Amino acid sequence: MQLEEPSALLRAAAPLIELAVAEDIGPGDATSISTLAADTVLHGRIVAKAPGVIAGLPVAEAVFSRVDPAIQFVAHVVDGQEVVPGELVAEVTGPGRSLLAAERTALNFLQRLSGIATLTRRFVDAIAATSAAILDTRKTQPGYRILDKYAVRMGGGLNHRQALYDMILIKDNHVDGAGGILPAVTRARAAYPALPVEVEVRNLEDLRQVLAIEPPVDRAMLDNMSLDDMRQAVALTAGRVRLEASGNVTLERAEAIAATGVDYISTGSLTHSAPALDLSMKVALPQSGSLDKQASLSDLSDRVAGLKAALGDQLVILGHHYQRDEVIAFADYQGDSLQLARDAAQTDARFIVFCGVHFMAETAAILSKPGQHVVSPDPSAGCCLADAASLEGVEAAWDLLGAAVGDADAEFTPVTYVNSAADLKAFCGRHGGLVCTSSNAEKALRWALGRRPRTFFFPDQHLGRNTARRLGIPLEEMLLWDIRRPPDPAAIRMARVILWPGACNVHQRFRPEHVQAVRRQFPGIRVLVHPECRMEVVDLADDVGSTSYIIRQVEAGAPGAQWAVGTESRLVERLQNRHPEQRVVSLADVPPFCRTMAQITLWNLAQVLAALARGEIANEVTVDPETTHHARLALERMLDLG
Ligand code: SF4
């Protein structure tokens, strides 16, 4: 979230909160006043009852505060963060009558805005494999324009024009009224030369007229076109103006529309048809010491600290940089994938509790010594990037590569990013390849291409593409694998680097528009991004590197330095907290949190430690001996790179 965001949001929300409080509470909450003693203090927990994306926490907090400034509001997630059913969103403590009077109004705001963010995120995820972006429209709840558009950003969408005054959008009615596209554009430019211009086109002939205009307009809106016409429009336009698809946009069609090559997809459904996210608030008299799933953080911290002390040297806790602060506080080693892989290989502790996602715990299990046990607080915490490639899919591709070049093992060195399943690491071990991380991908790719003429890189297309370009390999010598329609043999023979079409949903969320916006907002800011970001973002950034590299850059920054960081937002927030003398903001106005990393909580950490203390090994992560043998080969080749 950019720094100005909450205050702009709250300024827009203030009159709405006044209206809402007046209409719901009016002269007083008759039920709470009559049933609760005036001095009753209550503690409320706002909990998600459905999966979704939270938006509007500052507004909910402002409602409680407006009803009674004595109410304390503690958020457990941030806007833009995904939640799962049962997850604690926020806690409120204060005078019981006020708490219950404010509850409905606060939840109404939070549920509506979270519903918009949730639907937006579904659209964003549906087109994640393409370079298109999701846009909202002006179809917002009257009076809620700023709030609704804020929620769209929290869902990962981009805002279209704010209102009629900040952009020219010439629609068919304007064209008909002005007597044609060219006269409409000419008049608009003469009257408002500073405003960007977009023109709606109904067919390819309209588009040809728009493309003939000099200087080019900023954008053309393809209104209700068929997929085939959109593809033709993209070919005809050849990048001269940006194209926005509009009309008949549904979740089911979004991916196909994005695949035509348009730059934007706009849909009013984000704000006019999003169902509210199901959230509820349960209250109780305040108490401490309970250790259920929603126990307070301080009670859970005390519990984990006690268990950790009791387990002593038998235990080592590893924590990835993207973990929650309260979890990372207990990590004996904190790092990125490479660092933690090394730490895991060196520790002699009997129990390695890995606070990270599943493939990381698997890697630790592969590198562990006999007698060591690797435990995950939540083994279901996966990684969308790792899940993008299966052994079956990679083996099928390998066979096709072999058929195209004669012998895949003679021509291709397979390289897997560490964010992959153990069986894919073993595949690389068996076929003379290796594992890499974002820290050493360049060395790994150089090593791979030094052994055989070509490389097969999976599962992250962006890391593969960005790294290959750093080695000077042109895009024409890279081939993006298409799982549904594998490339023909001639195309394979032309390629030096085959890229698997996987991507990280967190890093892929950063877009060139974010770089432009943050540079406008903070002139002179340095943009520092992770190589899992899209190539277009890396190209615009000042610097690119792994999470460890990003940390080192900020740590070496001078007071007053400004950084816009393109990586997981928990790390960005931690860097800002550790370096208040510098400005460290997320590159995007949507904090891209890794949902699966967030599955590791103090509560489930406490559960596995409690089991270990009782002599039980819960949630052990194991890898079978044969897979371990081959995966270890591939990991050792990586560790040997230094
Ligand atoms: S940040 Fe991306 S790559 Fe890392 S664990 Fe989350 S989804 Fe996977």
Side-chain angles (χ1 to χ4, degrees), residues 51 53 77-78 80-84 121 124-125 128-129 156 318-324 327-328 334-341 354-364 376-390 416-422 424-425 435-439 441 457-467 499-511 529-534 537-538 544-551 565-575 586-588 590-601 621:
V53 177
V77 297
V78 296
Q81 185 169 337
E82 292 186 29
V83 291
V84 294
R121 185 66 56 84
V124 169
D125 287 347
L318 306 181
H320 190 272
H321 286 310
Y322 300 164
Q323 282 301 316
R324 300 164 183 266
V327 170
I328 215 78
Q334 179 184 335
D336 60 11
S337 306
L338 175 63
Q339 189 55 48
L340 293 176
F354 208 121
C355 298
V357 294
H358 190 260
F359 75 80
M360 297 177 181
E362 265 189 347
T363 307
S376 167
D378 183 350
S380 74
C383 162
C384 64
L385 172 55
D387 293 346
S390 66
T416 186
Y417 188 26
V418 71
N419 297 32
S420 58
L424 287 181
K425 295 182 176 82
V435 177
C436 76
T437 71
S438 53
S439 303
F457 190 96
F458 41 86
D460 186 5
Q461 58 166 301
H462 299 301
L463 178 66
R465 188 179 295 111
N466 290 326
T467 308
L499 301 169
W500 191 261
C504 160
N505 279 350
V506 174
H507 290 95
Q508 193 168 246
R509 209 158 276 149
F510 297 107
R511 309 189 59 86
V529 303
H530 192 281
E532 285 175 25
C533 294
R534 299 167 192 269
V537 171
V538 168
V544 56
S546 66
T547 45
S548 297
Y549 178 82
I550 289 171
I551 292 168
V565 182
T567 192
E568 210 269 356
S569 286
R570 239 173 250 109
L571 175 63
V572 180
E573 283 175 18
R574 195 172 300 132
L575 285 171
S586 172
L587 174 57
V590 183
F593 282 84
C594 178
R595 181 174 55 79
T596 47
M597 284 279 187
Q599 281 179 237
I600 309 299
T601 62
V621 176

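Each residue takes its place number in the sequence, starting with 1. In listed order, ligands and their atoms are each counted from 1. Note that this is a predicted model, so its numbers are computed, not measured.
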> Can you list everything that forms a side-chain contact (heavy atoms from CB on, under 4.5 Å) with Ser439? Sequence neighbours excluded, please.
Asp336, Leu338, Thr437, Ser546

> Can you list everything that forms a ring-ring contact (aromatic ring centres under 6.0 Å, His included) with His321? Sequence neighbours excluded, please.
none

> Do Phe359 and Ser420 make a side-chain contact, defined as non-hydrogen atoms from C-beta onward lying under 4.5 Å apart?
no

> Quick check: do Leu424 and Phe458 have side-chain heavy atoms less than 4.5 Å from each other?
yes

> For His462, does its backbone N or O pair with a side-chain atom of Glu532 as donor and acceptor, under 3.5 Å?
no

> Report the residues that fulfil ring-ring contact (aromatic ring centres under 6.0 Å, His included) with Tyr322, sequence neighbours left out, ordered by chain and then residue number.
His320

> Quick one: does Glu532 get within less than 4.0 Å of ligand 1, heavy atoms only?
yes

> Which protein N, O or S atoms lie under 2.8 Å from atom 6 (Fe) of ligand 1?
Cys594 SG

